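Please read all numbers here as calculations on a predicted model, not as lab measurements. All chains are named by letter (A, B, ...) in the order of the sequence lines, taking the proteins before the strands, and each is independently numbered beginning at 1. As a basis for the values below, the full set of heavy atoms in this structure was taken, side chains included, without hydrogen atoms, waters or symmetry mates.
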2 protein chains.
Amino acid sequence: MPSAPDQHAMTMVIRKLKSIAPLLDTDRRAIESLPVRIHNLDARQDIVRDGDKPSHCCLIIDGWACRYKLLSQGKRQILSFHIAGDIPDLQSLHVPTMDHSLGTLTKATVAFIPHDSLRDLTVRHPGIAAIFWRDTLIDAGIFREWLVSMGQRSAFEHVAHLFCELYLKLQAVGLAGNYRCPLPVTQADLADALGLTSVHINRVLQEMRGKTLITLRSRTLVIEAWDELLRISEFDPTYLHLERRAAA
Amino acid sequence: MPSAPDQHAMTMVIRKLKSIAPLLDTDRRAIESLPVRIHNLDARQDIVRDGDKPSHCCLIIDGWACRYKLLSQGKRQILSFHIAGDIPDLQSLHVPTMDHSLGTLTKATVAFIPHDSLRDLTVRHPGIAAIFWRDTLIDAGIFREWLVSMGQRSAFEHVAHLFCELYLKLQAVGLAGNYRCPLPVTQADLADALGLTSVHINRVLQEMRGKTLITLRSRTLVIEAWDELLRISEFDPTYLHLERRAAA
DNA sequence: CGGGTCTTTGACCTGCCTCAAAGGAAGTGG
DNA sequence: CCACTTCCTTTGAGGCAGGTCAAAGACCCG
């Protein structure tokens, strides 16, 4: 097992964990020495499926993934977006049966880490267990905020809110800055995440461009008016529980 | 501090925990000997508010509570319903700042447990830590399912889905059975939970009564056609991750 | 340069919302 | 135990945000 990619693999997860809580050096080293199996995946491939009982967790090293759930008649709800450093199926450690699927949105590099190693890690390093727990709790906080958006915000506000969230999450791990971030997902993906149709997403995006709030071209989002975007969507970053470092 | 009410207080949380995972006797006893401060609250009272940094967790002993978030113009999104045995702000152990509020829906009895005692408990009893973690993960699973309902289900299906969920959760702790359960919330509360208006909730309920699916009178829900309700809402109980015991 | 995917546009439709008011139920004080 | 009050449910009429269906561009990658 080569060590160069592993090193990079672990760089991102360390950054991610540091973005949500202080991390001891001993804990960092323990994480870096986890055994991982690295895979390269195409876009739109499943990683774990609804109903599976996985024996590994999946760490995203590069590319984007999402959790989603399928209903009859081809309806799909995207539940969360995931980027480098995320472990989207960490919950499978304590809830063995998947109640949703996890798949890539873009080409992606992922690392599989055996449950056994992770369990061992959390037993030996209670601090890591606490950070992992905290991560899943923040995850839940993001679901709650998505519920608020779904239930109470207009399509326009909802899109604006999502863009603020994604920008801050990417910024927190060094993947965004200067009001510019990657957004390598289709309008249909956005629609499935927001509970709208791609037609309507398209019209909302045009309206946002018309108001010089954002531009979205070649898989890159540029936020032209951050404060305005915050105001419109009543965005309050508290729920992301990021370590302070980044401006909001 | 009287021990009779404490006993009852702990009965429900033990039942709740047993409904989601096996519980060791030593762990049960450790939980039963937690120090608690018991309060009686009126309906529609806040327990913890958005932005607070609580030093206690709140265990519901009797009555109903909900998590919610307020937006400008009086909009309210209810994020979850909570019943006896639940500890809705368990996450405050690892995420100190509340990113939502917690309040009663009915008159309620609650027990406050100091964070210190709970942290001590989880350190001494890793099994309890694991169950607590699992509980918060199941919570997140419920948020995900609510997202699916919000994004993809019609108002009718959404209401049906919620009723299935509430019935099973109540049944799991012995508060429901025979397709009959308490539902002491107003139509306005339901509306705020489902992202609809109370007017529309009212019309959906009438339609459900018309189809002899349910009756809802004097704060009691009777499910007249369970299988039909499951089918309509594409309800799959997996996401509740209940210990098998109850029929579905 | 060719084929598939993604975005954009138009016309029409509908599920749910808004506003407003009346009817019922349930708790409270006398 | 009644009368009052307050909250909750129900009903009606009209409106709009976002959906549906279908087709035409634009882009991207091999």
Side-chain angles (χ1 to χ4, degrees), chain A residues 42-45 64 71 73-78 104-107 149-162 182-210 214-221 232-233, chain B residues 42-45 63-64 71 73-78 103-107 149-162 182-210 214-221 232-233:
Chain A
D42 276 342
R44 305 191 177 281
Q45 266 195 281
W64 282 47
L71 280 82
Q73 294 155 35
K75 284 190 281 194
R76 173 180 70 150
Q77 178 65 44
I78 289 182
T104 59
L105 288 167
T106 66
K107 282 187 186 177
S149 286
M150 288 262 205
Q152 308 300 330
R153 294 194 240 262
S154 69
F156 192 90
E157 294 161 352
H158 195 171
V159 171
H161 198 277
L162 177 65
L183 189 68
V185 305
T186 66
Q187 295 181 7
D189 292 330
L190 288 176
D192 285 350
L194 306 191
L196 300 167
T197 57
S198 62
V199 172
H200 199 62
I201 288 287
N202 186 274
R203 288 178 173 137
V204 167
L205 290 178
Q206 286 178 55
E207 196 185 343
M208 297 184 89
R209 280 189 276 245
I214 59 145
T215 59
L216 178 50
R217 254 200 349 259
S218 57
R219 316 188 122 204
T220 300
L221 170 69
I232 286 171
S233 58
Chain B
D42 276 343
R44 302 186 182 284
Q45 266 195 282
W64 283 45
L71 281 82
Q73 295 157 34
K75 285 190 281 195
R76 174 180 69 150
Q77 178 65 43
I78 289 183
T104 61
L105 288 167
T106 66
K107 279 186 188 179
S149 286
M150 288 261 201
Q152 309 298 330
R153 295 194 240 261
S154 68
F156 192 90
E157 294 161 353
H158 196 171
V159 171
H161 198 277
L162 177 66
L183 188 67
V185 305
T186 67
Q187 294 181 9
D189 292 331
L190 288 175
D192 285 350
L194 307 190
L196 300 167
T197 58
S198 61
V199 172
H200 198 63
I201 287 286
N202 185 274
R203 290 178 172 138
V204 167
L205 289 178
Q206 286 178 56
E207 195 185 342
M208 296 184 89
R209 279 188 276 245
I214 59 145
T215 59
L216 178 50
R217 254 198 350 258
S218 57
R219 313 188 125 206
T220 299
L221 171 70
I232 285 171
S233 58

Establish whether the base of C:dG15 is bridged to the side chain of B:Arg203 by a donor-acceptor pair shorter than 3.5 Å.
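Looking at the base of C:dG15, it does not pair with any donor or acceptor on the side chain of B:Arg203 (distance under 3.5 Å).
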
Short side-chain to backbone donor-acceptor contact, [X] and [Y], under 3.5 Å:
X: B:Thr106; Y: B:Gly63; answer: no
X: B:Ser149; Y: B:His158; answer: no
X: A:Arg209; Y: A:Leu216; answer: yes
X: B:Thr104; Y: B:Asp42; answer: yes

Where do N or O atoms of nucleotides 20-25 of chain C meet protein N or O atoms at under 3.5 Å, pair by pair?
none

For [X], which contact category applies under a 4.0 Å heavy-atom criterion: base, sugar-phosphate, or nothing?
X: B:Leu205; value: nothing
X: B:Ser198; value: nothing
X: B:Arg153; value: nothing

Between [X] and [Y], is any pair of side-chain heavy atoms under 4.5 Å apart?
X: A:Asp189; Y: A:Arg44; result: yes
X: A:Leu196; Y: A:Leu190; result: no
X: B:Ile214; Y: B:Leu205; result: yes

Between D:dG18, D:dT10, D:dC8, which nucleotide gets closest to the side-chain atoms of B:Asn202?
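Minimum distance to the B:Asn202 side chain belongs to D:dT10.
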
Nearest whole angstrom, please: distance from the [atom2] of [N] to the [atom1] of [X].
X: B:Leu196; N: C:dT18; atom1: CG; atom2: C1'; result: 14 Å
X: A:Asp192; N: D:dG18; atom1: CG; atom2: C1'; result: 15 Å
X: B:Lys107; N: C:dA26; atom1: NZ; atom2: C1'; result: 12 Å
X: A:Gln187; N: C:dC6; atom1: CD; atom2: C1'; result: 8 Å
X: B:His158; N: C:dG15; atom1: NE2; atom2: C1'; result: 15 Å
X: B:Glu207; N: D:dT10; atom1: CD; atom2: P; result: 14 Å
X: B:Ile201; N: C:dC17; atom1: CD1; atom2: P; result: 8 Å
X: B:Arg44; N: D:dC8; atom1: CZ; atom2: C1'; result: 10 Å

Quick one: is D:dG19 close enough that its OP1 or OP2 comes under 4.0 Å of any side-chain N or O from A:Thr197?
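A:Thr197 to D:dG19 OP1/OP2: side-chain N or O found under 4.0 Å.
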
Distance below 4.0 Å between A:Arg217 side-chain N/O and C:dC6 OP1 or OP2:
no

Distances under 3.5 Å between nitrogen or oxygen atoms of protein and nucleotides 26-29 of chain D:
none

Which heavy-atom pair separates [X] from [Y] by the least distance, and what is that distance?
X: A:Trp64; Y: A:Pro182; answer: CZ2-O, 3.4 Å
X: A:Ala188; Y: A:Ser198; answer: CA-CB, 3.9 Å
X: B:Leu194; Y: B:Met150; answer: O-SD, 3.8 Å

Degree of bending, the helix from C:dC1-D:dG30 to C:dG30-D:dC1 (end axes from five pairs; round to 10°):
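About 60°, once rounded to a multiple of 10°.
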
Pick one: which of B:Arg76, B:Gln77, B:Gln187, B:Lys75 meets side chain to side chain contact (heavy atoms under 4.5 Å, CB included) with B:Asp192?
B:Arg76

Identified side chain to side chain contact (heavy atoms under 4.5 Å, CB included) partner of A:Glu157 from the options A:Val204, A:Leu162, A:Ile232:
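Looking at A:Val204, A:Leu162, A:Ile232, the match for A:Glu157 under the side chain to side chain contact (heavy atoms under 4.5 Å, CB included) is A:Ile232.
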
Please figure out whether B:Gln206 or A:His200 has its closest DNA chain D nucleotide nearer the 5' end.
B:Gln206

